[in-house]
Amino acid sequence: MNNKDLIAFSQFERRIKPIRKNLDNLNIKGGWIHYVRSILGIKLTTLAKLTKTTSSAVQQAEKREAQGKVTLETLNKMANAMDCEFVYAFVPKKEIRELVEDRAVKKARMILRNADMHMELEDQKVKQKFEDRVRRLAVQLMELGEVW
């Protein structure tokens, strides 16, 4: 990894840290549309007027959100109508640098196992330790940006 990558990773982690810290509080049973609408005391008919749709369309959006099938466009439209910001993010399950390093190691292992199998078929054996070779190849893959 070069300095540019390390700086980008650092900036990403700085931005995502507050979200990652609150992930447990972000999953709302029934979805955000219904939750915020209820907290604000907005009736279905009122939100329908604000979004220039029908009550059944709002109800359907709430249902689809709870099922994980709502569109980003709909979420944004509902949020704006309730005077809210719609926030959308991907939050890696671990720090971005660790994620990239793990992917590089996984890919390196796969490449080297395949290569070792062919070498053994040709009755040639690599003398270096497998894990040492994995680490070296993983570093090369990260430098090339070829971890996926």
Side-chain angles (χ1 to χ4, degrees), residues 1-42 44 47-48 50-53 57-122 124-148:
M1 260 182 278
N2 59 38
N3 280 344
K4 184 179 173 188
D5 292 333
L6 295 175
I7 291 168
F9 290 171
S10 176
Q11 289 172 341
F12 180 86
E13 285 301 326
R14 182 177 42 79
R15 287 184 174 128
I16 214 76
K17 186 178 182 179
I19 298 170
R20 183 179 280 128
K21 192 172 157 182
N22 291 296
L23 269 179
D24 292 339
N25 299 320
L26 297 178
N27 289 326
I28 302 297
K29 187 177 180 181
W32 281 96
I33 300 168
H34 178 76
Y35 180 67
V36 174
R37 183 177 64 75
S38 298
I39 294 296
L40 294 174
I42 301 173
L44 276 171
L47 187 53
L50 292 169
T51 56
K52 297 179 179 135
T53 59
V58 172
Q59 205 167 25
Q60 188 67 16
E62 289 180 351
K63 181 180 173 185
R64 291 184 63 74
E65 181 188 8
Q67 295 170 339
K69 297 178 179 180
V70 70
T71 65
L72 296 177
E73 179 182 20
T74 298
L75 289 171
N76 193 41
K77 183 178 186 178
M78 297 291 169
N80 284 329
M82 293 185 283
D83 204 21
C84 295
E85 289 291 331
F86 173 61
V87 179
Y88 179 79
F90 287 95
V91 182
K93 295 176 181 170
K94 48 186 145 184
E95 286 195 18
I96 196 78
R97 181 178 178 164
E98 185 181 350
L99 178 78
V100 170
E101 288 172 353
D102 288 354
R103 281 296 309 167
V105 167
K106 184 177 180 178
K107 185 172 182 178
R109 279 196 178 106
M110 183 185 66
I111 291 169
L112 291 174
R113 279 190 193 115
N114 190 28
D116 285 358
M117 183 178 69
H118 290 291
M119 296 289 282
E120 284 180 34
L121 290 173
E122 295 175 10
Q124 299 173 358
K125 193 163 186 157
V126 180
K127 295 175 183 162
Q128 297 168 334
K129 291 181 181 176
F130 183 74
E131 285 304 313
D132 291 343
R133 294 183 305 136
V134 166
R135 290 282 165 209
R136 235 182 1 265
L137 180 55
V139 168
Q140 290 173 350
L141 291 170
M142 285 186 292
E143 287 171 357
L144 293 171
E146 294 288 332
V147 301
W148 297 94

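When reading the values below, keep in mind they use all heavy atoms of this one structure, side chains included, and skip hydrogens, waters and symmetry mates.
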Is there a side-chain contact between [X] and [Y] in this structure, where contact means two heavy atoms from C-beta onward sitting under 4.5 Å apart?
| X | Y | value |
| --- | --- | --- |
| Arg109 | Arg113 | yes |
| Glu62 | Glu65 | no |
| Ile96 | Glu13 | yes |
| Ile19 | Leu26 | yes |
| Asp5 | Val100 | no |
| Met82 | Ile42 | yes |
| Cys84 | Met78 | no |
| Leu75 | Tyr88 | no |

Taking atom [atom1] as the centre, does [X] end up with more than 12 heavy-atom neighbours from other residues, nucleotides or ligands that are less than 6.0 angstrom away?
| X | atom1 | answer |
| --- | --- | --- |
| Gln67 | CD | yes |
| Lys107 | NZ | yes |
| Arg97 | CZ | no |
| Asp83 | CG | no |
| Lys77 | NZ | yes |
| Lys94 | NZ | yes |

Atom of [X], atom of [Y] and distance for their closest heavy-atom approach:
| X | Y | answer |
| --- | --- | --- |
| Ala66 | Gly30 | CB-O, 3.8 Å |
| Ala81 | Thr51 | CB-CG2, 3.4 Å |
| Val134 | Ala108 | O-CB, 3.6 Å |
| Leu112 | Phe130 | CB-CE1, 3.6 Å |
| Phe90 | Phe12 | O-CZ, 4.0 Å |
| Thr74 | Thr71 | OG1-OG1, 2.9 Å |

For Ala115, which residues count as a side-chain contact (heavy atoms from CB on, under 4.5 Å) partner, sequence neighbours excluded?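 Testing Ala115 for side-chain contact (heavy atoms from CB on, under 4.5 Å), a comparison that skips the adjacent residues, returns none.
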
Can a salt bridge be assigned to the pair Glu146 and Arg103 using a cut-off of 4.0 Å between side-chain N and carboxylate O?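 Result for this pair is no, no salt bridge flagged.
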
Polar side-chain atom of Arg20 near backbone of Pro92 as donor-acceptor pair, under 3.5 Å: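 Checking the backbone N and O of Pro92 against the side chain of Arg20, a donor-acceptor pair under 3.5 Å is found.
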
Asn114 side chain to Met110 main-chain N or O, any donor-acceptor pair under 3.5 Å?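 No: the side chain of Asn114 does not pair with the backbone of Met110.
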
Can you tell me how far apart NZ (Lys21) and CD1 (Ile16) are? Round to the nearest 0.5 Å.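 With rounding to 0.5 Å, NZ (Lys21) is 14.0 Å from CD1 (Ile16).
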
